[in-house]
Amino acid sequence: QVQLEESGGGLVQAGGSLRLSCAASGLMISRNNMGWFRRAPGKERELVAGVAWHDGRTFYSDSVKGRFTIYTDNAENTLYLQMDSLKSEDTAVYYCAVDKGPSWAPLSGPYDYWGQGTQVTVSS
């Protein structure tokens, strides 16, 4: 049974940093394409960052490029999202997700498994 458990969300002031974690069980993140999504109130869910397992290729949305970094700790089977220079518009519930496909089209997926999400609130 695949489980993804996010943690690390919270309340932070604008300009601050947070690191989100996604602990995986039932699969190896080193053998799967992984993504971080977010859903802000009243907005569509969006992919903010992703990483392909077979070549380490990364994707970042324009809104977070240069501020967020996605990386994995394969020994811990955990996916991370380092978020720096946070802005109020980064406020959202953040989810990690797995795309088990052999290739990776980050924006189209499809993503097969999802975590429950962790709330990030950035105060201005």
Item to check | Test item: Gln3 and Tyr113 side chains (from C-beta on) under 4.5 Å apart, heavy atoms | outcome: no
Checklist entry - Hey, is Glu46 close enough to Arg38 for a salt bridge, meaning N to O under 4.0 Å? => result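 Between Arg38 and Glu46 there is a salt bridge, with a charged N closer than 4.0 Å to a carboxylate O.
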Checklist entry - Is there a salt bridge (Lys or Arg N to Asp or Glu O under 4.0 Å) between Asp62 and Lys65 once you walk through the steps? => result CA-CA 5 Å; Asp62 288 343; Lys65 199 171 295 182; 3.3 Å; yes
Item to check | For Val12, side-chain contact (heavy atoms from CB on, under 4.5 Å) partners two or more places apart | outcome: Leu18, Leu86, Val122
Next on the checklist: Going by ring pair (Phe, Tyr, Trp, His ring centres under 6.0 Å), name the residues that satisfy it together with Tyr60, two or more places apart in sequence or in a different chain.
Outcome noted: none
Closest approach of [X] to [Y] (non-hydrogen atoms, all atoms of both residues):
| X | Y | result |
| --- | --- | --- |
| Leu79 | Gly35 | CD2-O, 4.1 Å |
| Val64 | Val48 | CG2-O, 3.3 Å |
| Asn33 | Ser103 | ND2-O, 3.2 Å |

Item to check | Exercise: do Asp73 and Thr78 side chains pair donor with acceptor under 3.5 Å | outcome: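 Their side chains do not contain a donor-acceptor pair, so the 3.5 Å distance test is not met.
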Checklist entry - Considering residues, nucleotides and ligands other than Gln116, do more than 12 of their heavy atoms fall under 6.0 Å from its CD? => result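 Atom CD in Gln116 is not packed in, count stays at 12 or less.
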Checklist entry - For Met28, does its backbone N or O pair with a side-chain atom of Asn77 as donor and acceptor, under 3.5 Å? => result no
Item to check | Ring centre gap for Trp114 and Phe37 strictly below 6.0 Å | outcome: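 Yes, ring centres under 6.0 Å apart.
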When rounded to the nearest 0.5 angstrom, what distance separates [atom1] in [X] from [atom2] in [Y]?
| X | Y | atom1 | atom2 | result |
| --- | --- | --- | --- | --- |
| Glu5 | Thr118 | CD | OG1 | 10.0 Å |
| Leu47 | Trp36 | CG | CH2 | 12.0 Å |
| Thr91 | Lys43 | OG1 | NZ | 10.0 Å |

